[in-house]
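Residue numbering restarts at 1 for every chain, and letters A, B, ... go by the order of the sequence lines.
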Amino acid sequence: MRWSQAFIPTLREAPADAESASHILLLRAGYVRQLSAGVYSYLLLGQRALLKIMAIVREEMDRIGQEFYLPALHPAELWQASGRWETMGDNLFRLKDRFQRDLCLGMTHEENMAAIAAGELRSYKQLPQIWYQIQTKFRDEPRPRGGLLRVRQFIMKDSYSFDLDEAGLDASYQKHHDAYRRIFDRCGLSYVTVEAHSGQMGGSRSQEFMVISPAGEDWIANCRGCGYAANLEKAEAAPAKPEEEERDAERESFPTPGQRTIEEVSRFTGLPASRLIKSLLYMAPVKDEQGVVNWEPRLLVVRGDDEVNETKLLGLWPNARPAHPVEIEQYTGAPAGSVGPVDLMDKSVKVYADRTLSGRKNLVAGANREGYHLRGLTPGRDFQPEWVDARQVRAGDGCKHCGQPLEVQPTIEIGHIFKLGRKYSQGLNVRVLDEHGKEAVPIMGSYGIGMERILTAAIEQNHDEQGFWLPPAIAPFQAVVSVVNTGESEMRQAGERIYEELRRLGVDALLDDRNERPGVKFKDADLIGIPWRITVGKKIASGEVELSERGKQVLKAPAETLPVGKAAAELAHRLPAGPPRG
RNA sequence: CGGGGCGUAGCGCAGCCUGGUAGCGCACCUGCCUUGGGCGCAGGUGGUCGCCGGUUCAAAUCCGGCCGCCCCGACCA
């Protein structure tokens with residue numbers, strides 16, 4: 001394509017609304033324009049990059065499954081069948097048609113796929129099935145952010161597997177795992193896979209594919225020693241033991257007037273936060289035999305310098321919530337700052353403690369009396385908790401497998417695979433006969449990849465002050481031919497010739513034939529994500545042009561000088577093999 | 001939804017506190033000039049100051065309401 005005819009609206013300055021590198025650069029490079037919060041238009045370059053990403057995804061997915069294309073517009077009944085019409089809440093875009101029928105825009109397609117399966121699958125002989133699509137998803141995010149990172153409309157590859165049994169699911173899951181690796185490898189991303197929380201989908205196992213980036217919003221813990229990696233929502237670790245010696249001590253109450261937070265009590269007592277016990281009262285809904293819901297008070301205690309991991313907590317106590325101040329006083333006998341696991345006013349309050357407190361001695365906690373704390377506490381002696389894992393892993397904690405210190409890093413989630421179970425196949429009535437003629441409900445898996453996130457992550461991973469460079473496999477053009485001065489026919493003709501040769505060789509090239517000053521062309525070329533550049537300039541006098549790789553500029557690698565006639569072939573030779581385009 | 005910020009020309013911003021003429025840089029148009037890192041000179045085009053209402057002789061500016069966007073949090077397959 002000729003730049004003089006292409007619509008590539010580059011911006012010299014960063015738009016004020018953009019914060020993250022990828023957001024700023026997508027706008028500056030003319031890839032996208034924002035229509036409203038979390039809704040973007042993809043222009044020439046953005047669309048080309050996404051098409052290349054989708055082509056890779058499609059190729060790899062076709063090796064393990066079959067491509068469908070399902071509706072984005074769903075009747076309410078479909079989501080009511082799985083119960084998600086109610087449980088999805090405000091994240092589901094809902095609308096009514098002219099007859100006042102309820103509809104919604106699909107955020108995923110478990111129900112839709114299961115409905116197809118329910119209508120068509122009859123025999124175990126038809127299994128396994130892997131069905132996928134590349135389709136627009138809608139989610140009414142509470143807060144879209146980070147450019148294309150979290151949006152309300154985006155393109156997702158989602159696939160669904162149907163198997164007769166667990167063993168079959170394992171195989172389908174593994175196929176996806178392998179396909180995802182090939183996809184992300186081909187896209188040129190550097191990523192990690194982590195154990196993930198299954199969330200409200202209620203599956204047995206799930207893994208996320210993450211790209212480490214400061215723009216990311218998912219935190220993971222990973223170990224350099226053994227490779228253990230997990231989403232922080234799920235990560236476990238052995239925290240470093242406090243160094244000072246701990247001995248048995250007499251339990252006693254002491255006044256701590258006005259000292260409420262861990263920090264205040266720590267300063268007041270001169271003890272490190274690790275010697276304190278943080279006590280949090282929660283209310284957990286529990287159903288009795290009649291199905292009546294009772295809210296039960298539960299006290300959770302963790303080490304003073306630890307934080308409670310909300311996801312783990314909700315895993316232990318579904319739908320639990322923090323107690324209100326009134327409830328705290330009612331059950332413990334003290335306001336929030338003086339609560340502790342010993343001498344609770346309401347003796348029926350159950351106490352749960354994070355395992356890190358096991359074996360500790362001589363600790364300090366609230367006395368359940370305003371303005372007082374207890375010291376000399378030994379868990380197991382002074383109170384008998386149920387031991388749980390509820391703490392948030394921190395950087396520096398010991399890996400639970402090898403003991404090495406863990407790193408905690410922000411990441412962008414680019415893919416997620418997980419074993420779903422039978423929730424949707426059951427709800428949507430998917431049934432086949434097994435080899436004994438018995439009715440069986442197939443077990444499902446669900447697997448997603450965010451197309452825009454691949455692009456976003458690639459930019460986050462490959463950028464500098466001047467712009468970014470995409471891996472050749474997903475760049476909108478693999479090379480730009482910059483003609484320094486189109487007013488000089490020798491340069492112009494050499495540029496044309498190289499451009500034609502590149503096209504013939506299957507290299508996707510952009511010819512910068514604009515009547516602009518060289519500075520403008522170089523700045524633009526550096527900005528828009530094209531990995532290779534051939535510069536046709538004054539060296540043309542001796543029949544030469546220059547070849548440079550964008551990412552290498554940070555290393556100040558000088559451009560190579562090549563004869564005009566060899567430049568195109570040399571570049572084609574260096575690009576990774578891929579489907580020819582042009 | 002809680003906290004913070006912003007909304008003035010296509011983009012980036014000043015003006016607002018202390019009411020009266022809407023301004024700067026870039027971009028854009030015309031001409032000349034220039035061609036290895038967003039070149040120079042000259043002349044131009046372009047704005048219901050987010051919207052509605054109030055105060056006032058007079059509102060971008062003061063007051064009230066609303067809308068939109070961004071950031072932090074909550075939330076999140």
Round to a whole Å and report the spacing from CG of A:Leu314 to C1' of B:A74. 13 Å
Candidates B:G38, B:C76, B:G37 - which lies nearest the side chain of A:Arg150: B:C76
Around atom CG of A:Asp90, are there more than 12 heavy atoms from other residues, nucleotides or ligands closer than 6.0 Å? no
For the side chain of A:Pro15, starting at C-beta, report the closest nucleotide among B:G38, B:G12, B:G37. B:G12
Could A:Glu413 and A:Arg150 be called an ion pair, given the rule that one side-chain N must be under 4.0 Å from one carboxylate O? no
May I ask you to evaluate whether A:Arg12 reaches the phosphate of B:A27, defined as a side-chain N or O under 4.0 Å from OP1 or OP2? yes
Under a 3.5 Å distance rule, please check whether A:Tyr499 uses its side chain to pair with a backbone N or O of A:Met1 as donor and acceptor. yes
Complementary nucleotide of B:C26, counting Watson-Crick and G-U pairs under 3.5 Å: B:G10
Per A:Arg517 side chain, nearest of listed nucleotides B:U34, B:G38, B:C72: B:U34
Of the options B:U35, B:C72, B:G38, whose atoms approach the side-chain atoms of A:Asn485 most closely? B:U35
Is A:Arg260 atom CZ crowded by more than 12 heavy atoms from other residues, nucleotides or ligands, each under 6.0 Å away? no
Distance, rounded to the nearest Å, where A:Glu141 contributes CD and B:C69 contributes C1': 17 Å
So, for A:Phe184 and A:Phe209, is the gap between ring centers shorter than 6.0 Å? yes
Atom-pair distance (CZ on A:Arg514; P on B:A27), nearest Å: 13 Å
Taking CZ from A:Arg152 and C1' from B:C69, how many angstroms apart are they, rounded to a whole number? 11 Å
Of A:Arg394, A:Lys278, A:Arg391, which meets salt bridge (charged side-chain N to carboxylate O under 4.0 Å, His left out) against A:Asp305? A:Arg394
4.5 Å side-chain heavy-atom contact, A:Leu547 and A:Val545: no
For the residue pair A:Phe68 and A:Tyr160, is the inter-centroid distance of their aromatic rings smaller than 6.0 Å? no
How many Å lie between CG on A:Leu527 and P on B:A27, as a whole number? 16 Å
Can you check nucleotides 2-9 of chain B for protein contacts, nitrogen or oxygen pairs under 3.5 Å, and list what you find?
none

Output the distance between atom CG (A:Asp354) and atom CG (A:Leu313), rounded to the nearest 0.5 Å. 11.0 Å
Specify the residue among A:Asp524 and A:Gly487 whose closest nucleotide of RNA chain B lies further upstream toward the 5′ end. A:Gly487
Let's see if you can work this out: which of B:C69, B:C76, B:G38 has an atom nearest to the side-chain heavy atoms of A:Asn91? B:C76
Going by purine N1 to pyrimidine N3 plus the second Watson-Crick contact, or the G-U wobble pair, all under 3.5 Å, which nucleotide sits opposite B:C57? B:G20
A:Ala37 side-chain proximity, nearest of B:A74, B:C76, B:C69: B:C69
The nucleotide from B:G37, B:G38, B:U35 with an atom nearest the side chain of A:Val484 is B:U35
Can you name the residues that form a side-chain contact (heavy atoms from CB on, under 4.5 Å) with A:Val326, not counting sequence neighbours? none
OP1, OP2 of B:C70 versus side-chain N and O of A:Gln34: anything below 4.0 Å? yes
Protein-nucleotides 22-25 of chain B N/O pairs under 3.5 Å:
from	atom 1	to	atom 2	distance (Å)
B:G25	N2	A:Glu13	OE1	3.1

